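Quick notes on the structure that follows.
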Amino acid sequence: MLQIAFIRENQEKVVKALAKKHMDAKAIVEEIVQTDDLRRSTQSEYESTLAESNKLSKDIGEMMKNGEKSKAEILKQKTVQLRELGKELSEKVDAFANEITQKLYLLPNLPAEIVPEGKTPEENINVFEEGEVPKLHEGALPHWELVKKYDIIDFELGNKITGAGFPVYKGKGAKLQRALITYFLDKNTDAGYLEYQVPHLVNEASAYGTGQLPDKDGQMYHDATDDLYLIPTAEVPVTNIFRDVILSENELPVKCTGYTPCFRREAGSYGAHVRGLNRLHQFDKVEIVRVEHPEKSYEALDEMVEHVKDIMRELKLPYRILRLCGGDMSFASALTYDFEVFSTAQDRWLEISSVSNFETFQANRLKLRFKDKDGKNQLAHTLNGSSLALPRVLAGILENYQTPEGIVVPEVLRKYTGFDIIN
């Protein structure tokens, strides 16, 4: 959530920046400032009323001491009126403040200056590419055919049990999935991230805290009975560990990792590009989350990018990194780098990770602060990244590592799987 003080002082800058995310924010920014003007004037009136009431109460006390009862009674009637007026004004201040908050919830985060212009994924900038695309044997198959051939993932069975987008992993497929999760967690904890196991359901405050609500309301699975949301990513519960927390400066950075299943409705996703593991309603993901000093968050972002690079190098998968353009960025992000693996059998790039800096956007919603060396409370910066999302990583492994004899397991995973080929 953007800060009202910043918006007041930088109205044109905010409108111009949000235009990069293809939002015409002029009207809502003006409404926010006008409503804040009303809140301020009403707050001033309330404080004057309160001050007058307090002065009269003091005068009444003096009059009662001096035996001026009749005068005191007249003033008492006035204090009653002032208290009633004060109550009305206080309620108005709260109503204006709530109206401002609801409008602020609708504004995305401002993109960083280096975010490129653009509306579509085709306008993202390729900033790095590494790894050799393997030459597959004749008759190589896409992963949805491979999993059927080797009986390791059953999409039809998942459809029977739940519905489309909920696959069942079997045998070596299940073990390879578990190996990836353990490997990712080990890499993250070795890099200094503290592992958490967190709830897979969150309350409304948590979903608002990281920016999923109200922006992604239609994409989240919601249990109306208990008013809880199935998480779309571990970022939500892990980051909310620090909601309403004031850290000391020497506690920064905070580095967390966690594995969770993730649930996304993905309404409107159809076509060949979402076949198999390419897009699911339930999938596994290992996440990294950081809470950083504002002066060090972009250095931390670079460090997170290098960390994911190291994982891709060990998996020996061809990948590239994109700096997302304004129109392809998430609601809460100030700067995002997407990692994509090349799927040789599909002859296309598949997104496997987003690494983002949210600056103070989430921290302002979460009231996540740190006490600086001067003893003042400041908003922290939050960051997160997929390290990694499993479905498309798995698709990349199955397709790029296929041979006529079977699917070779990447060397780095063999100590976790206990086998080196799926055949």
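For reference, positions follow the sequence shown, starting with 1. Here the structure is a predicted model, which is why all the values come from computation and not from measurement.
- Using a distance-only test at 3.5 Å, with no hydrogens or angles considered, no donor-acceptor pair links the side chain of Asn240 to the main chain of Arg243.
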Chi angles and distances behind the side chain to side chain donor-acceptor pair (under 3.5 Å) call for His222, Asp227: CA-CA 7 Å; His222 181 221; Asp227 196 20; 2.8 Å; yes
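- The closest donor-acceptor contact from the side chain of His200 to the backbone of Phe263 lies at 3.5 Å or more, if one exists at all.
- Put simply, the side chain of Ile311 reaches to within 4.5 Å of the side chain of Tyr183, judged on heavy atoms.
- Rounded to the nearest 0.5 Å, atoms CD1 (Ile352) and CG (Leu390) are 10.5 Å apart.
- Salt-bridge annotation for Glu130 and Arg313: present, with a side-chain N of the basic residue lying under 4.0 Å from a carboxylate O of the acidic one.
- Tested against Val115 for a side chain to side chain contact (heavy atoms under 4.5 Å, CB included), the candidates Arg323, Lys21, Met329 yield a single pass: Met329.
- With a 6.0 Å cutoff to the six-membered ring centre and a 45° limit on the axis angle, Lys92 does not count as a cation-pi contact of Tyr46.
- Checked against the 6.0 Å centroid criterion, the rings of Tyr221 and Tyr229 do not qualify as a close aromatic pair.
- Defined by atom type and a distance below 3.5 Å, a donor-acceptor pair is present between the side-chain atoms of Glu123 and Thr120.
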CA sep, side-chain torsions, deciding dist, call: Glu351, Phe339, side-chain contact (heavy atoms from CB on, under 4.5 Å): CA-CA 6 Å; Glu351 181 197 332; Phe339 279 72; over 6 Å; no
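- Asn384 and Glu287 form a side-chain donor-acceptor contact under 3.5 Å, judged by distance and modelled atom types alone.
- A donor and an acceptor atom, one from each side chain of Ser44 and Ser41, are nowhere located under 3.5 Å apart.
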Pair Leu176-Arg178, side-chain contact (heavy atoms from CB on, under 4.5 Å): steps then yes or no: CA-CA 5 Å; Leu176 181 56; Arg178 177 157 52 92; over 6 Å; no
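- In this structure, Glu411 places its CD atom where only 12 or fewer heavy-atom neighbours from other residues, nucleotides or ligands lie under 6.0 Å away.
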Show the atom names and distances, to 0.1 Å, of all donor-acceptor pairs under 3.5 Å that link a side chain in residues 26-40 to residues at least two apart or in another chain.
unit_1, atom_1, unit_2, atom_2, d
Lys26, NZ, Glu30, OE2, 2.7
Thr35, OG1, Glu31, O, 2.7
Asp36, OD1, Arg39, NE, 2.8
Asp36, OD1, Arg39, NH2, 3.1
Asp36, OD2, Arg8, NH1, 2.9
Asp36, OD2, Arg40, NE, 3.3
Asp37, OD1, Arg8, NH1, 3.0
Asp37, OD1, Arg8, NH2, 2.8

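- The pair Lys316-Glu314 does not count as a salt bridge, with every side-chain nitrogen at least 4.0 angstrom from each carboxylate oxygen.
- Looking at heavy atoms from C-beta onward, Arg365 lies out of side-chain contact with Thr210 at the 4.5 angstrom threshold.
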Residue pair Phe370, His293: steps toward the ring pair (Phe, Tyr, Trp, His ring centres under 6.0 Å) verdict: CA-CA 8 Å; Phe370 70 96; His293 191 288; 5.0 Å; yes
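- At least one donor-acceptor pair closer than 3.5 Å links the side chain of Asn126 to the backbone N or O of Phe128.
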Test log, rule side-chain contact (heavy atoms from CB on, under 4.5 Å), inputs Leu388 and Met312: CA-CA 10 Å; Leu388 290 161; Met312 295 304 294; 3.8 Å; yes
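- When side chains are defined from C-beta on, Glu117 does not count as touching Cys325, because their heavy atoms never get closer than 4.5 Å.
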Worked verdict on Tyr105 versus Tyr208 for side-chain contact (heavy atoms from CB on, under 4.5 Å): CA-CA 8 Å; Tyr105 278 143; Tyr208 269 95; 3.7 Å; yes
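- With 3.5 Å as the limit, one finds no donor-acceptor pair spanning the side chains of Gln212 and Glu204.
- A donor-acceptor pair under 3.5 Å is absent between the side-chain atoms of Asp217 and the main chain of Leu213, judged by distance alone.
- When atom types are taken as modelled, the side chain of Asp328 and the backbone of Leu324 share no donor-acceptor pair closer than 3.5 angstrom.
- Across Ile407, Asp154, Ile152, a single residue satisfies side chain to side chain contact (heavy atoms under 4.5 Å, CB included) together with Val147, and that is Ile152.
- Using a 4.0 Å cut-off between charged nitrogen and carboxylate oxygen, Glu299 and Lys296 do not count as a salt-bridge pair.
- Annotation for Phe155 and Leu277: closest pair CZ-N, 3.9 Å, computed over non-hydrogen atoms.
- The backbone N or O of Val14 lies less than 3.5 Å from no partner atom in the side chain of Asn10, so there is not a single donor-acceptor pair.
- The aromatic rings of Tyr193 and His307 sit tilted relative to each other, their planes meeting at an angle between 30° and 60°.
- There is no side-chain donor-acceptor pair under 3.5 Å between Asn364 and Gln3.
- Taking the charged nitrogens against the carboxylate oxygens, Glu99 and Lys103 do have a contact shorter than 4.0 Å, which makes a salt bridge.
- Taking the six-membered ring for Trp and the full ring otherwise, the centers of Phe358 and His381 sit at least 6.0 Å from each other.
- Checking side-chain atoms of Ser386 against main-chain N and O of Ala389 turns up no donor-acceptor pair under 3.5 Å.
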Residues Glu306, Lys309; criterion salt bridge (charged side-chain N to carboxylate O under 4.0 Å, His left out); working and verdict: CA-CA 5 Å; Glu306 289 301 318; Lys309 275 187 187 178; 3.0 Å; yes
